[in-house]
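We count residues from 1, following the sequence as given. Note that the structure is a prediction, hence the values are computed from the model and not measured.
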Amino acid sequence: MEGKIIHRCLHVLDLEKSLTFYEQALGMSEIRRMGPDDGSWMNVFIGNTAAGFQLELTWNRGRTEPYENGGRDSHLAFTVPDYEQAHAIHEQMGCICFENEAMELYFIEDPDGCRLEILPEKSEFASQPGVDVFACMADRRSVRQYSNEEIPESLLSRIVRAGLVSASGRGRRPWELITVRDRATLDKLSECRDAGSAMLEGANAAIIVVGNPDVADTWIEDCSIVMANMHLEASASGVGSCWIQGRMRKAADGRSTQDFVADLLEIPEPFQLEAILSLGMPEAPSAPRIFDESLLAKVHQERF
């Protein structure tokens, strides 16, 4: 059982003062916040583009005495791929010291009394910036089975932005992106190919990438880079994705996939469909890929 460290919790007396401090001192800004309707406490998660690790600033109403953030008032949090299995292991070890079933979390205590929060993997816990690019490439999978969990808008926005910052021949950026969340439209898009697009029926979103041949003769290459970057960002953010090729494919009704999608989404000429990125929270975690050393035989030195 491998746990992934995601944040450290610090307790603060003045939430706004702390947020201002971390913004000015370390360039960390708010990612998300949570708390009850009565406002008795608030958790604010902050981070920056330097690393995927976050700080959780916890504020409690009515507290006036300073916290011991070097001791019991601070903890590290880990996510685990199989929450029930982890709980069983820790229960057998006898190290569970606190549990909150309603919030789906519990704490374990190490031999020196340090408390560690254990959480299941969820979309809101996905690392934001600072991921290991090679590790992301190695771990990326084509995910076709999705859960019913909604993709947070913040994660969808990150995936789109990853596409928008893509490299482009002579900086012409001949591509346009169309995001789709509407259930009926996704179901119709699942018929855009005679095979290989059915996963859109269970997807929570899709991003359609089209290119303008009149803008750049490298539109196919440029659009492919956009797709690849969004594919990788989805994986880094914990979102399942699958590349659905559109160019040179046919729909179930006999039309070209290009015409099918253009008619459905009102795509004007001369834009040409490159591909569709199907998106959804994974139904199950994927096993990490082990690098195949035999691939190095494809690398040639100086001459083929």
Side-chain angles (χ1 to χ4, degrees), residues 136-146 151 156 159-236 239-280 282 286 289 292 295 298 304:
C136 181
M137 290 177 174
D139 291 343
R140 186 210 57 77
R141 292 289 188 278
S142 292
V143 179
R144 298 175 176 83
Q145 300 294 325
Y146 311 115
I151 299 173
L156 181 60
I159 295 168
V160 168
R161 286 171 179 267
L164 295 176
V165 299
S166 299
S168 171
R170 290 180 286 178
R172 292 192 171 182
R173 301 183 183 89
W175 28 255
E176 301 282 339
L177 311 183
I178 306 167
T179 62
V180 175
R181 275 202 185 260
D182 178 70
R183 180 72 268 150
T185 304
L186 289 170
D187 289 344
K188 290 178 182 177
L189 274 174
S190 70
E191 302 173 3
C192 71
R193 283 181 44 175
D194 53 10
S197 58
M199 74 286 291
L200 286 165
E201 282 189 310
N204 186 243
I207 304 174
I208 294 83
V209 179
V210 298
N212 188 339
D214 294 345
V215 172
D217 60 2
T218 58
W219 73 271
I220 295 174
E221 292 85 350
D222 290 347
C223 287
S224 295
I225 295 171
V226 171
M227 282 289 297
N229 283 353
M230 293 194 300
H231 209 10
L232 286 172
E233 176 56 41
S235 179
V239 178
S241 63
C242 187
W243 182 319
I244 302 170
Q245 179 65 20
R247 186 174 55 84
M248 300 178 65
R249 297 295 184 268
K250 287 189 176 182
D253 63 5
R255 285 182 289 171
S256 68
T257 300
Q258 160 71 32
D259 290 343
F260 184 101
V261 175
D263 291 343
L264 179 63
L265 302 181
E266 301 177 1
I267 300 171
E269 294 183 350
F271 286 100
Q272 297 295 307
L273 173 67
E274 171 59 24
I276 300 171
L277 191 67
S278 175
L279 296 165
S286 300
R289 179 185 287 119
D292 183 356
L295 292 173
K298 292 183 173 290
F304 189 92

Trainee: If every non-hydrogen atom of Arg141 is compared with every non-hydrogen atom of His231, which pair is closest and at what distance?
Mentor: O-CE1, 4.1 Å

Trainee: Taking atom CG of Leu186 and atom OG of Ser197, what is their separation to the nearest 0.5 Å?
Mentor: 11.5 Å

Trainee: Table please: side-chain donor-acceptor pairs of residues 245-252 below 3.5 Å, with sequence neighbours left out.
Mentor:
{"from": "Gln245", "atom 1": "OE1", "to": "Trp243", "atom 2": "NE1", "distance (Å)": "3.3"}
{"from": "Gln245", "atom 1": "NE2", "to": "Arg247", "atom 2": "O", "distance (Å)": "3.3"}
{"from": "Arg247", "atom 1": "NE", "to": "Glu274", "atom 2": "OE1", "distance (Å)": "3.3"}

Trainee: When rounded to the nearest 0.5 angstrom, what distance separates CG in Leu273 from CG in Asp259?
Mentor: 10.0 Å

Trainee: Run through Leu277, Ile159, Ile207 and flag the one making a side-chain contact (heavy atoms from CB on, under 4.5 Å) with Leu177.
Mentor: Ile207

Trainee: Could you report the tightest heavy-atom contact between Thr257 and Cys192, atom names first, then the distance?
Mentor: OG1-O, 2.8 Å

Trainee: Nearest 0.5 angstrom please: Leu156 CG to Arg181 CZ, how far?
Mentor: 5.0 Å

Trainee: Indicate yes or no: at least one non-hydrogen side-chain atom of Phe260 is less than 4.5 angstrom from one of Arg193.
Mentor: no

Trainee: Taking all non-hydrogen atoms of both residues into account, name the closest pair between Lys188 and Leu264 and its distance.
Mentor: CD-CD1, 3.8 Å

Trainee: Using side-chain heavy atoms (C-beta onward) and a distance below 4.5 Å, is Val239 in contact with Val143?
Mentor: no

Trainee: What pair of heavy atoms forms the shortest contact from Tyr146 to Gly240, and how long is it?
Mentor: CE2-O, 3.9 Å

Trainee: Would you confirm whether Ser190, through its side chain, and Asp187, through its main-chain N or O, come within 3.5 Å as a donor-acceptor pair?
Mentor: yes

Trainee: So which atom in Val209 and which in Met227 form the shortest heavy-atom distance, rounded to 0.1 Å?
Mentor: CG2-SD, 3.5 Å

Trainee: Quick check for you: to the nearest 0.5 Å, what is the distance between Leu279 atom CG and Leu200 atom CG?
Mentor: 9.0 Å

Trainee: Could you report the tightest heavy-atom contact between Arg183 and Glu201, atom names first, then the distance?
Mentor: NH2-O, 2.9 Å

Trainee: Is the shortest heavy-atom distance from the side chain of Ser168 to the side chain of Pro174 under 4.5 Å?
Mentor: yes

Trainee: Let me confirm one number: the OG-CD1 distance from Ser166 to Ile225, rounded to the nearest 0.5 Å.
Mentor: 7.0 Å

Trainee: Between Ile267 and Glu176, does a side-chain contact (heavy atoms from CB on, under 4.5 Å) hold up when you go through it step by step?
Mentor: CA-CA 10 Å; Ile267 300 171; Glu176 301 282 339; over 6 Å; no

Trainee: Nearest 0.5 angstrom please: Ser278 OG to Arg144 CZ, how far?
Mentor: 9.5 Å

Trainee: Going by the rule side-chain contact (heavy atoms from CB on, under 4.5 Å), which residues pair with Ala162 if we only count those two or more places apart in sequence or in a different chain?
Mentor: Glu233

Trainee: Any side-chain heavy-atom pair from Ile208 and Leu189 closer than 4.5 angstrom?
Mentor: yes

Trainee: Taking distance alone, no hydrogens or angles, what donor-acceptor pairs closer than 3.5 Å link side-chain atoms of residues 210-220 to residues at least two apart or in another chain?
Mentor:
{"from": "Asn212", "atom 1": "OD1", "to": "Asp214", "atom 2": "N", "distance (Å)": "2.9"}
{"from": "Thr218", "atom 1": "OG1", "to": "Asp222", "atom 2": "OD2", "distance (Å)": "3.1"}

